[in-house]
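Before any comments, here is the structure.
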Amino acid sequence: MYKIVGFPRTRAMRVMWLLEELDQPYDIDPALPQSEGARSFNPSGKVPILIDGEDAVTDSVAICTYLADKHGRFTFPAGTIERARQDSFTQFAVDVLEGALWTASKNTFIHPEDMRVPEIKKVCNMEFQAGLEILEKRIGAGPFAMGDAFTIADIIIGHCSGWAVAARFDLPKDGPVYDYFKRLRERPAFKAMKAKVDAA
């Protein structure tokens, strides 16, 4: 059985969602970021960490890539042009969408108060909105980032949409991106993950 080290209301949600999609059992050690438990596996103190037998994997994108490759689902094979395009979506999500959200978060409650720059959150929201415009063009007719195939890129992007709600960033109220996010939230595995997160 897999074990996730990391408080559920973090990027651990991505790993939980994927394991629900894979129908794989898992336990959760709700270690907080920077806690002794997290640092015992990851010197940066960041979560999540996946424990698979005697091995530990850090970074949510690396974990999701590992699990999808291992189980042969929700990813395209390495070395294919489809995988390159899928990875491009994942990197876009991390660089553009998550980048804006993470910078805003660090300047809201993570950095020491005297080091925060609250004004930067306006810039972050603007960058996030620009990212959503690019996302709309990239997903086209969908239904998912890679067309008919649901992949881990959708999990990373979908998690960013939920993070945006928590950060009080603006999300579309209609249109292709709105419909895309709605499709992701309606997946049974997403709902199962969300129920566990809400209960934590």
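Throughout, numbering of the chain's residues begins at 1 and tracks the sequence.
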Review point. What pairs meet the ring-ring contact (aromatic ring centres under 6.0 Å, His included) rule with one or both residues in residues 174-200, with sequence neighbours excluded?
Key: W17-F190
Show me the side-chain donor-acceptor pairs of residues 36-45 shorter than 3.5 Å, one per line, residues at least two apart or across chains.
| residue | atom | partner | partner atom | Å |
| --- | --- | --- | --- | --- |
| R39 | NH1 | P43 | O | 3.0 |
| R39 | NH2 | Q34 | OE1 | 2.4 |
| S40 | OG | G37 | O | 2.6 |
| N42 | OD1 | S44 | N | 3.3 |
| N42 | OD1 | S44 | OG | 3.1 |
| N42 | ND2 | S44 | OG | 3.2 |
| N42 | ND2 | K46 | O | 3.3 |
| S44 | OG | K46 | N | 3.2 |

Review point. Roughly how far, to the nearest 0.5 Å, is CZ of R116 from NZ of K106?
Key: 13.0 Å
Check your understanding: Heavy-atom distance under 4.5 Å between the side chains of D148 and P143, does that happen here?
Key -> yes
Review point. Roughly how far, to the nearest 0.5 Å, is the CG atom of L184 from the CD1 atom of I155?
Key: 9.0 Å
Review point. Do D154 and F74 come within less than 4.5 Å of each other through their side chains, counting heavy atoms only?
Key: no
**Study point:** Linked, directly or transitively: V177 and M146 (ILVMFWY side chains, under 4.5 Å)
**Key:** yes
**Study point:** For the student: nearest non-hydrogen atoms of M13 and P8, plus distance
**Key:** CG-O, 2.8 Å
Review point. Listed by chain and number, what are the side-chain hydrogen bond (donor to acceptor under 3.5 Å, both in side chains) partners of Q91, not counting sequence neighbours?
Key: none
Check your understanding: What pairs meet the ring-ring contact (aromatic ring centres under 6.0 Å, His included) rule with one or both residues in residues 84-112, with sequence neighbours excluded?
Key -> none
Exercise for review: Measure across S60 and R14 and return the closest heavy-atom pair with its distance rounded to 0.1 Å.
Suggested key: OG-NH1, 2.9 Å
Revision key, fill the gap. Applying side-chain hydrogen bond (donor to acceptor under 3.5 Å, both in side chains) to S88 and not counting sequence neighbours gives R138
Point to revise | For P112, side chain to side chain contact (heavy atoms under 4.5 Å, CB included) partners two or more places apart | key: D114, M115
Review point. Is it true that D179 and R183 make a salt bridge, defined as a side-chain N closer than 4.0 Å to a carboxylate O?
Key: no
Revision key, fill the gap. Shortest non-hydrogen pair, A68 vs I152, comes out as CB-CG2, 3.8 Å
Check your understanding: Is it true that R187 and E21 have a side-chain N and a carboxylate O under 4.0 angstrom from each other?
Key -> yes
Practice item. Locate the shortest heavy-atom distance separating I139 from A145; write the atom from each residue and the value. Key: CG2-CA, 4.1 Å
Point to revise | Candidates D69, T65, T151 - the one meeting side-chain hydrogen bond (donor to acceptor under 3.5 Å, both in side chains) with R83 | key: D69
Point to revise | Over all atoms of both residues, closest heavy-atom pair of M16 and V197 | key: CE-CG2, 3.8 Å
Practice item. Go through D198 and M193 one step at a time and tell me if the side chain to side chain contact (heavy atoms under 4.5 Å, CB included) criterion holds. Key: CA-CA 9 Å; D198 290 344; M193 174 275 292; over 6 Å; no
**Study point:** OG1-NE2 distance between T10 and H159, expressed to the nearest 0.5 angstrom
**Key:** 7.0 Å
Point to revise | Distance (rounded to the nearest 0.5 Å) between L135 CG and F128 CZ | key: 9.0 Å
Review point. Are any of the side-chain heavy atoms of I51 and I49 separated by less than 4.5 Å?
Key: yes
Exercise for review: From the options L18, V15, I4, select the one residue that forms a side-chain contact (heavy atoms from CB on, under 4.5 Å) with I63.
Suggested key: V15
Review point. Can you hop from V117 to L101 via hydrophobic side chains spaced under 4.5 Å?
Key: no
Check your understanding: Of all residues at least two apart in sequence or in a different chain, which pass the side-chain hydrogen bond (donor to acceptor under 3.5 Å, both in side chains) check with E20?
Key -> Y26, K196
Review point. With D95, which residues qualify under salt bridge (charged side-chain N to carboxylate O under 4.0 Å, His left out), at least two apart?
Key: none
**Study point:** Gap between atom CG of L19 and atom CG of L50 - 0.5 Å precision
**Key:** 7.0 Å
Check your understanding: Quick one: hydrophobic cluster around V94, which other residues, with the 4.5 Å side-chain cut-off, linked directly or via members?
Key -> V61, I156
Considering only distance and modelled atom types, tabulate donor-acceptor pairs under 3.5 Å from the side chains of residues 162-176, sequence neighbours left out.
| residue | atom | partner | partner atom | Å |
| --- | --- | --- | --- | --- |
| W163 | NE1 | S105 | OG | 3.2 |

**Study point:** Trace of the side chain to side chain contact (heavy atoms under 4.5 Å, CB included) decision for V57 with D52
**Key:** CA-CA 8 Å; V57 184; D52 185 5; 5.8 Å; no
Exercise for review: Please report the shortest heavy-atom distance between V47 and P33, naming the atom on each side.
Suggested key: CG2-CG, 3.8 Å
Review point. Taking only residues two or more places apart in sequence, or in another chain, which ones meet R85 in a side-chain hydrogen bond (donor to acceptor under 3.5 Å, both in side chains)?
Key: none
Exercise for review: Report the residues that fulfil side chain to side chain contact (heavy atoms under 4.5 Å, CB included) with T103, sequence neighbours left out, ordered by chain and then residue number.
Suggested key: N107, I120, C124
